[in-house]
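Everything below concerns the one structure shown next.
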Amino acid sequence: MSKKLRFAAVTFALAGAIAVSASLSACAVKTSHPRAKISISFNEVTYDIEYTLYRNMYPQTVRHFIELADAGFYDNTVIHDYRSNDWGAGAYSYNGAELDYSSSYSNNSMGEYLEENSKEKEYYSLFRQDKLTPTVYTKISYDEKGNEKVERENALPTLIGEFSQNQHTIESGALTASYGSLKMFYFDKSAAKKKVAIQNCFGEIMEHDYQYNCATSLFTMQVGNTSAYNASNYCVFAKLSSNDARNRLEDLTEAISDYIEDELGGSNSKFSSSVTTKVENEDTFATDGGREIETSFTATSMPIIIKSVKITKY
């Protein structure tokens, strides 16, 4: 049954439109805008970048990010996909104590390094320990009165997609992609051609395409004025909190540019290059959807390390 659900300035039209409104308390929101501090290290210098998280518009994505941050999941991870306007994060540990990162890059074993340091198993372990709130299910169940429900035993460890391509609409003030934005990322699983049951923050249950509800821990940080990952296909859930936060991110990107110029003779190809690695097949629901394949990232010879992600305001 199609329903139009209002939450502050947000309209969820995941099943279509029309009819029921819900109160603010339905989503159990503590504050509209939690804060996070992401500490990123490059060349032995750390840059603390403050973010505002938009829980009023993207409640389940923000909750998911906070749950992972509180579990320490993002601590000591690496930017694994380095592009001029977008950095990919949230998938691989930095294990420099056991393996020289630069050496691994130069002798073409970076793909193996990433595979060995994948955080996928840890992510699924957190889900099995009930530390991640489910929002996506393999099917809709029914109680004795025939009412729709979802059950934990049918839950998938993936995240509902809160973006317009997935019919998540915002009445006013929807976030657009801009410099510094954080976006929840997902691999393309259109080949799976499967349906799932999703449950929004009001408890409304509906059937939807799996491909748009399959994010896990991955997120991207936009470091340019344009992006390959626009807001209609990827949930933009966080923005730089202030001009000072923007300055810290600019300091980091300038430090990378200076390193390339001073240490690598200005050669971008010596700093970043495409590497191929295998993505583990923990997502058994979509084995035909592209996870059990080799994939390519743009890795860097000097690691860009996410030392920690801390929630500073809930």
Side-chain angles (χ1 to χ4, degrees), residues 7-8 10 24-42 46-80 87-94 119-120 122-135 157-163 173 175 177-186 200-201 215-223 234-249 251-252 304-314:
F7 174 63
V10 188
L24 295 179
S25 61
C27 283
V29 170
K30 296 178 182 178
T31 62
S32 295
H33 301 100
R35 293 288 187 96
K37 180 175 72 174
I38 302 180
S39 297
I40 303 179
S41 175
F42 176 75
T46 299
Y47 304 83
D48 293 330
I49 304 169
E50 299 277 354
Y51 275 91
T52 298
L53 310 179
Y54 285 75
R55 181 160 46 194
N56 61 325
M57 298 181 184
Y58 312 99
Q60 287 158 301
T61 302
V62 168
R63 178 180 61 194
H64 189 73
F65 183 79
I66 288 175
E67 288 175 342
L68 287 167
D70 282 347
F73 181 88
Y74 292 121
D75 297 353
N76 201 44
T77 54
V78 67
I79 300 296
H80 65 271
W87 293 352
Y92 300 94
S93 294
Y94 175 62
K119 294 195 59 97
E120 182 132 328
E122 181 180 340
Y123 175 86
Y124 283 82
S125 177
L126 287 174
F127 177 77
R128 287 190 289 270
Q129 295 173 48
D130 294 336
K131 292 185 178 180
L132 302 177
T133 303
T135 56
T158 55
L159 175 65
I160 190 173
E162 294 178 312
F163 48 87
L175 298 188
S178 61
Y179 183 77
S181 296
L182 300 184
K183 308 163 199 177
M184 217 66 194
F185 181 83
Y186 60 96
N200 65 24
C201 71
T216 53
S217 61
L218 296 178
F219 68 91
T220 65
M221 177 183 292
Q222 184 170 318
V223 292
Y234 299 89
C235 179
V236 180
F237 67 95
K239 294 269 194 173
L240 295 170
S241 63
S242 65
N243 286 334
D244 182 67
R246 183 185 180 96
N247 291 340
R248 296 292 78 74
L249 181 55
D251 289 344
L252 170 58
I304 305 170
I305 307 162
I306 297 178
K307 294 183 68 174
S308 65
V309 177
K310 302 299 183 186
I311 306 304
T312 58
K313 175 185 175 183
Y314 289 88

Backbone of Ser41 reached by a side-chain donor or acceptor of Thr46 within 3.5 Å: no
Geometric cation-pi criterion Lys119 and Phe73, 6.0 Å radius, 45° cone: yes
Whether Glu67 side chain and Thr133 backbone form a donor-acceptor pair below 3.5 Å: yes
Flag for Glu162-Thr61: side-chain donor and acceptor within less than 3.5 Å: yes
Inter- and intrachain pairs under salt bridge (Lys or Arg N to Asp or Glu O under 4.0 Å), touching residues 304-314, at least two apart: Asp75-Lys310
Intermediate values then yes/no, ring pair (Phe, Tyr, Trp, His ring centres under 6.0 Å), Tyr74 and Phe219: CA-CA 10 Å; Tyr74 292 121; Phe219 68 91; 5.2 Å; yes
Backbone of Thr216 reached by a side-chain donor or acceptor of His64 within 3.5 Å: yes
Main-chain N/O of Phe163 paired to Tyr234 side chain as donor or acceptor, under 3.5 Å: no
Interatomic distance, Phe185 atom CZ to Ser217 atom OG [nearest 0.5 angstrom]: 11.0 Å
Side chain Ser241, main chain Glu50, donor-acceptor under 3.5 Å: yes
Straight-line distance of Ile311 CD1 to Asp70 CG, nearest 0.5 Å: 6.0 Å
Chi angles and distances behind the side-chain contact (heavy atoms from CB on, under 4.5 Å) call for Leu182, Ile38: CA-CA 11 Å; Leu182 300 184; Ile38 302 180; 3.8 Å; yes
Flag, side chain of Asp48 to backbone of Ser39, donor-acceptor distance under 3.5 Å: no
Non-hydrogen side-chain atoms of Leu218 and His80 separated by less than 4.5 Å: yes
Spatial distance of atom CD1 (Ile79) from atom CD1 (Ile306) [nearest 0.5 Å]: 4.0 Å
Exam field: side chain Tyr186 to backbone Thr158, donor-acceptor pair closer than 3.5 Å: no
Side-chain (Tyr123) to main-chain (Pro157) donor-acceptor, under 3.5 angstrom: yes
Arg55 side chain vs Arg63 backbone, donor-acceptor pair below 3.5 Å: no
CG (Asn243) with more than 12 external heavy atoms under 6.0 Å: no
